[in-house]
Protein chains: 2
Amino acid sequence: MTATTRTRLSPDERREQLLELGLRLFAGSSIDEISIDRLSEEAGISRGLLYHYFGSKQGFREAVVQRAADDLVAQTAPPEGDDPIAKLLASLTAYVDYVIANHQGYRSLVLAAAGGNEAVRAIYERARTRMIDRTFETPGVEALLVDTPRTRLVVRGWVAFVEDTVLTWCDDANGVTRDELVQIVTDALPALVGTAD
Amino acid sequence: MTATTRTRLSPDERREQLLELGLRLFAGSSIDEISIDRLSEEAGISRGLLYHYFGSKQGFREAVVQRAADDLVAQTAPPEGDDPIAKLLASLTAYVDYVIANHQGYRSLVLAAAGGNEAVRAIYERARTRMIDRTFETPGVEALLVDTPRTRLVVRGWVAFVEDTVLTWCDDANGVTRDELVQIVTDALPALVGTAD
DNA sequence: GGCGTTATTGAACGTTCGTCAATAGAGTGT
DNA sequence: ACACTCTATTGACGAACGTTCAATAACGCC
């Protein structure tokens, strides 16, 4: 009855399978609450194989976080266009919709990024930077955002505002609609930057 | 040469000693990067004693976080007064100064709260709520903040904005002065709430 | 159908968390 | 000073976990 037949996949397939499993388990709990035993059992492989592919548990965690971050960046790409405000609105709408759809997974990503070690935080930080840069690398944006240390500080804080607000809203919308939420986080940027001038 | 003489303290003293050690080690690294072995060795006690006082490593972590949160709340008490704006400014000034002084420890607290489990997060959440409530339980505040779901959402997001901005500033002030920082985070609240109306 | 490459295994090791009966320090009464 | 009690404290033990590595077997190729 014990299915002792080992299934041999190509490295790419196996890696893919393990990463997807990681994302799935990630959604429910922090990764260091899950033992390698449980991971390998759930994947139907031996403990050793996980080490063969990711070197260590930490390596596995980093790979999964990297994958989640890439997903986020890919699925929230703003449309091509010249109007900074429109781009911002589109980008935030995509972001909000992504968080709504991947609610649990996204929360885990943020938690992992916050609580993880230096390497994990760096991965998330890079994704964040990519998203911000991409939105603001638009001709004509200088009129809205003059590049000063103060503005950079405020924009970074604004990102924290957006993340926290959207996640809180996901837990309990409390009557606030999706469109209102998008409006709130979009309007917040000019409002904050305005006070900084 | 081995000082095998065990020192017997009163439960309160021992508890205090261990909590202070926890705060000290906390500042440098996350608590689950430190083994009970190292903790007990540094405290000059046996492993068993730590379990006697805190039940588990998780229990110890929670106690330390609770202590850190209490410190934060205690040291940022706003002055008695009726003017909401003045109270807000005073409270934020105290908060900024606290973070400046306890930079590392405070960062660890926030990281522990973000990355920790449900119980740890709840402890920090309570402290946060206490600080917010205390600032806004002022006669006449209704003129500034009408209590709607939308406002609550924004105020919560604003707290995230403040935390992130102050911590980022601590890492690299980039020419922004302390007073400017206080001004930024203070002005941010009316700016954000204004857009929500 | 045999062969070589390499994906995969499982047992073994060191470390860390957590438990518990045994031990000894400090106050108390005589 | 001494014995006695209470309980703070210990240290050895077991289970669980991360990690390593030589052995194994599945698949593509000739």
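Only this structure's heavy atoms are used, side chains among them; waters, hydrogens and symmetry mates stay out.
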Any A:Arg14 side-chain N or O less than 4.0 Å from OP1/OP2 of C:dT8: yes
Which of these nucleotides, C:dA7, C:dG10, C:dG25, is closest to any side-chain atom of A:Tyr53? C:dA7
Distance in angstrom units between A:Ile45 CD1 and D:dA25 C1', rounded: 16 Å
Salt bridge (Lys or Arg N to Asp or Glu O under 4.0 Å) partners for B:Arg107, two or more places apart: B:Asp171
Measure from CG on B:Leu50 to P on D:dG11 and round the result to the nearest Å. 15 Å
Please work out if B:Thr7 contacts a base, only the sugar-phosphate, or nothing of the nucleic acid, heavy-atom cut-off 4.0 Å. sugar-phosphate
Rounded to whole Å, please give me the gap between CD in A:Glu13 and C1' in C:dT6. 15 Å
Take B:Arg67 and B:Glu16 through the salt bridge (charged side-chain N to carboxylate O under 4.0 Å, His left out) test and state the conclusion after the steps. CA-CA 10 Å; B:Arg67 164 60 63 94; B:Glu16 198 64 22; 3.0 Å; yes
Would the distance check show the side chain of A:Asn117 and the main-chain N or O of A:Val120 forming a donor-acceptor pair, the cut-off being under 3.5 Å? yes
Under 3.5 Å between N/O atoms: give me all the protein pairs with nucleotides 5-7 of chain D, atom names plus distance.
unit_1	atom_1	unit_2	atom_2	d
D:dT7	O4'	B:Arg8	NH2	3.4
D:dT7	O2	B:Arg8	NH1	3.0
D:dT7	O2	B:Arg8	NH2	3.2

Identify, with sequence neighbours excluded, every residue that meets side-chain contact (heavy atoms from CB on, under 4.5 Å) alongside A:Ser30. A:Asp32, A:Glu33
What are the two closest heavy atoms between B:Leu189 and B:Trp158, and how far apart are they? N-NE1, 3.4 Å
Start with the C-alpha distance between A:Tyr95 and A:Tyr106, add both sets of side-chain angles, then the distance that settles ring-ring contact (aromatic ring centres under 6.0 Å, His included), and finish with yes or no. CA-CA 11 Å; A:Tyr95 170 77; A:Tyr106 179 73; 5.8 Å; yes
Separation of C:dT8 P from A:Arg15 CZ (nearest whole Å): 13 Å
Does B:Ala63 have any side-chain contact (heavy atoms from CB on, under 4.5 Å) partners at least two apart in sequence or in another chain, and if so, which? B:Arg15, B:Leu19, B:Phe54
Starting at atom CG of A:Leu9, determine the distance to atom C1' of D:dG28, rounded to an integer number of angstrom. 15 Å
Using a cut-off of 4.0 Å between protein heavy atoms and nucleotide atoms, how would you tag nucleotides 14-21 of chain D 5' to 3' with B, S and -? ---SSBB-
Ignoring hydrogens and angles, does a donor from either the side chain of B:Arg6 or the base of D:dT10 sit under 3.5 Å from an acceptor on the other? no
Are B:Glu42 and B:Arg38 ion-paired here, with the side-chain N under 4.0 Å from a carboxylate O? yes
With B:Arg126 via side-chain contact (heavy atoms from CB on, under 4.5 Å) - residues at least two apart: B:Gln66, B:Ala122, B:Ile123
